[in-house]
There are 2 protein chains.
Amino acid sequence: MPVDESCPVCRTADIVCGKWTLLLVRELAEGCSRFCELERSLTGISPRTLSLRLRALEEEGIVERATFPEVPPRVEYVLTPKGEALLPIIEGMRTYGQEWLGASCASEPAPREPVAA
Amino acid sequence: MPVDESCPVCRTADIVCGKWTLLLVRELAEGCSRFCELERSLTGISPRTLSLRLRALEEEGIVERATFPEVPPRVEYVLTPKGEALLPIIEGMRTYGQEWLGASCASEPAPREPVAA
DNA sequence: CAGCATCCGCCGTGATACTG
DNA sequence: CAGTATCACGGCGGATGCTG
């Protein structure tokens, strides 16, 4: 039951909500492009999940797959512009995490300007 | 098994990943503050889920609950600064959704170039 | 109106093993 | 290396019904 398909926030959330999705996009953005690379970067992910996420992202047009029919099979995944457009969101989350979830957590009076000045 | 608790992105994602969480925060930001109001705005949400999300958000310090011990019970939920700090992320997702997912709220402005890159 | 209790089903995810 | 197949578990979220 998709909350509300006419809502851009929901749709983006749907794409991004997977446990590994954002991390995957981030790794891709940082240059990891091989399956085994990603597997190592995303510590703990199972090949199945990685494969699933990759495929989903591919179908969304967020990542592009390049296959090299070489002797040692090689496949590279790269972010499309649509995928790169996700980065600001990730950055926003990183910033939020740093400013509000880092040192002084929850239930605090919470200053208006945490780290920013 | 929490991906990586030392990663700000993951921590934010953990908070934000609930199906209704972001919408809830957004409704709160838009002025909905009563339980039944939220229930109506978030079409389809069950009271259970709403209650659960609200409580979780409260424990995170993202929303604050104000109880009015009146004859008709009244409770108001408001965003804390920590909750309001989530808004840019939501905006980012809305923008992304509009530009890349073809979900358009005709009433909203589109500050960037859609197919720029 | 506000909110909790219970039951249940779905989906994402994890673990492991196997294939091209 | 780059996946896929299978099995199973857990948590989130949905539906209903009840209480203060």
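Every chain is numbered from 1, with letters handed out A, B, ... down the list of sequences.
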query: Between A:R55 and A:E58, is the closest basic N to carboxylate O distance under 4.0 Å?
result: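 Here A:E58 does not pair with A:R55 in a salt bridge, since their nearest N and O are not under 4.0 Å apart.
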
- prompt: Can we say A:E84 and A:K82 salt-bridge, meaning some charged N sits less than 4.0 Å from an Asp/Glu carboxylate O?
  reply: no

In whole Å, I'd like the distance from the [atom1] atom of [X] to the [atom2] atom of [N].
X     : N      : atom1 : atom2 : result
B:D14 : D:dG11 : CG    : P     : 13 Å
A:I45 : C:dT16 : CD1   : P     : 16 Å
B:F35 : D:dG20 : CZ    : C1'   : 14 Å
B:L54 : C:dG3  : CG    : C1'   : 10 Å
B:E37 : C:dC1  : CD    : P     : 11 Å
B:L50 : D:dA15 : CG    : C1'   : 15 Å
A:L42 : D:dA2  : CG    : C1'   : 15 Å

message: Donor-acceptor pair, distance only, cut-off 3.5 Å: does the side chain of A:S33 make one with the backbone of A:V78?
response: no

query: Under 3.5 Å, side chain of A:T49 to main-chain N/O of A:I45, donor-acceptor pair present?
result: no

Quick one: is [N] close enough that its OP1 or OP2 comes under 4.0 Å of any side-chain N or O from [X]?
X     : N      : answer
A:R65 : D:dA2  : no
A:R55 : D:dG3  : no
A:S46 : C:dT13 : no
B:W20 : D:dG14 : yes
A:K19 : D:dG11 : no

- prompt: Among residues 66-79 of chain B, which residues get a heavy atom nearer than 4.0 Å to DNA chain C?
  reply: B:P73, B:V75, B:Y77

- prompt: Between B:L52 and B:R40, which has a closest nucleotide on DNA chain C that is more 5'?
  reply: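 Checking each residue's closest nucleotide, the 5'-ward one belongs to B:R40.
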
- request: Find which nucleotide of DNA chain C each of A:P47 and A:T21 is nearest to by heavy atoms, and output the residue with the more 5' nucleotide.
  value: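 Going by which nucleotide is closer to the 5' end, it is A:T21.
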
With B:R26, the side chain to side chain contact (heavy atoms under 4.5 Å, CB included) member among B:L28, B:L23, B:L22: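 Considering B:L28, B:L23, B:L22, a side chain to side chain contact (heavy atoms under 4.5 Å, CB included) with B:R26 is found only for B:L23.
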
message: What's the closest nucleotide to the side chain of B:T49 if the choices are D:dG3, C:dC4, D:dG14?
response: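 Of the options given, the side chain of B:T49 lies nearest D:dG14.
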
message: Test side chain to side chain contact (heavy atoms under 4.5 Å, CB included) on A:E76 and A:F68; report intermediate values, then the result.
response: CA-CA 8 Å; A:E76 297 198 346; A:F68 300 78; 3.8 Å; yes

- prompt: For A:L42 and A:E27, what are the C-alpha separation, side-chain angles and deciding distance, and is it a side chain to side chain contact (heavy atoms under 4.5 Å, CB included)?
  reply: CA-CA 8 Å; A:L42 303 172; A:E27 289 308 315; 3.6 Å; yes

- prompt: Quick one: the side chain of A:R48 and the base of C:dT13, do they pair up donor-acceptor inside 3.5 Å?
  reply: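 Under the 3.5 Å cut-off, the side chain and the base do form a donor-acceptor pair.
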
- request: Look at all strands and tell whether B:R34 reaches a base, only sugar-phosphate, or nothing, counting heavy atoms closer than 4.0 Å.
  value: sugar-phosphate

message: Nearest 0.5 angstrom please: B:L24 CG to B:L79 CG, how far?
response: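 Interatomic distance, B:L24 CG to B:L79 CG, rounded to 0.5 Å: 8.5 Å.
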
- request: Check the surroundings of atom CD in B:E64: do more than 12 heavy atoms from other residues, nucleotides or ligands lie under 6.0 Å from it?
  value: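 Open.
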
task: Rounded to 10°, tell me the angle between the two end axes of the helix from C:dC1-D:dG20 to C:dG20-D:dC1, each built from five pairs.
output: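 The helix from C:dC1-D:dG20 to C:dG20-D:dC1 shows an end-to-end axis angle of 40°.
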
- prompt: Would A:T80 and A:V63 satisfy side chain to side chain contact (heavy atoms under 4.5 Å, CB included), going step by step from the backbone distance to the final call?
  reply: CA-CA 5 Å; A:T80 64; A:V63 317; 5.7 Å; no

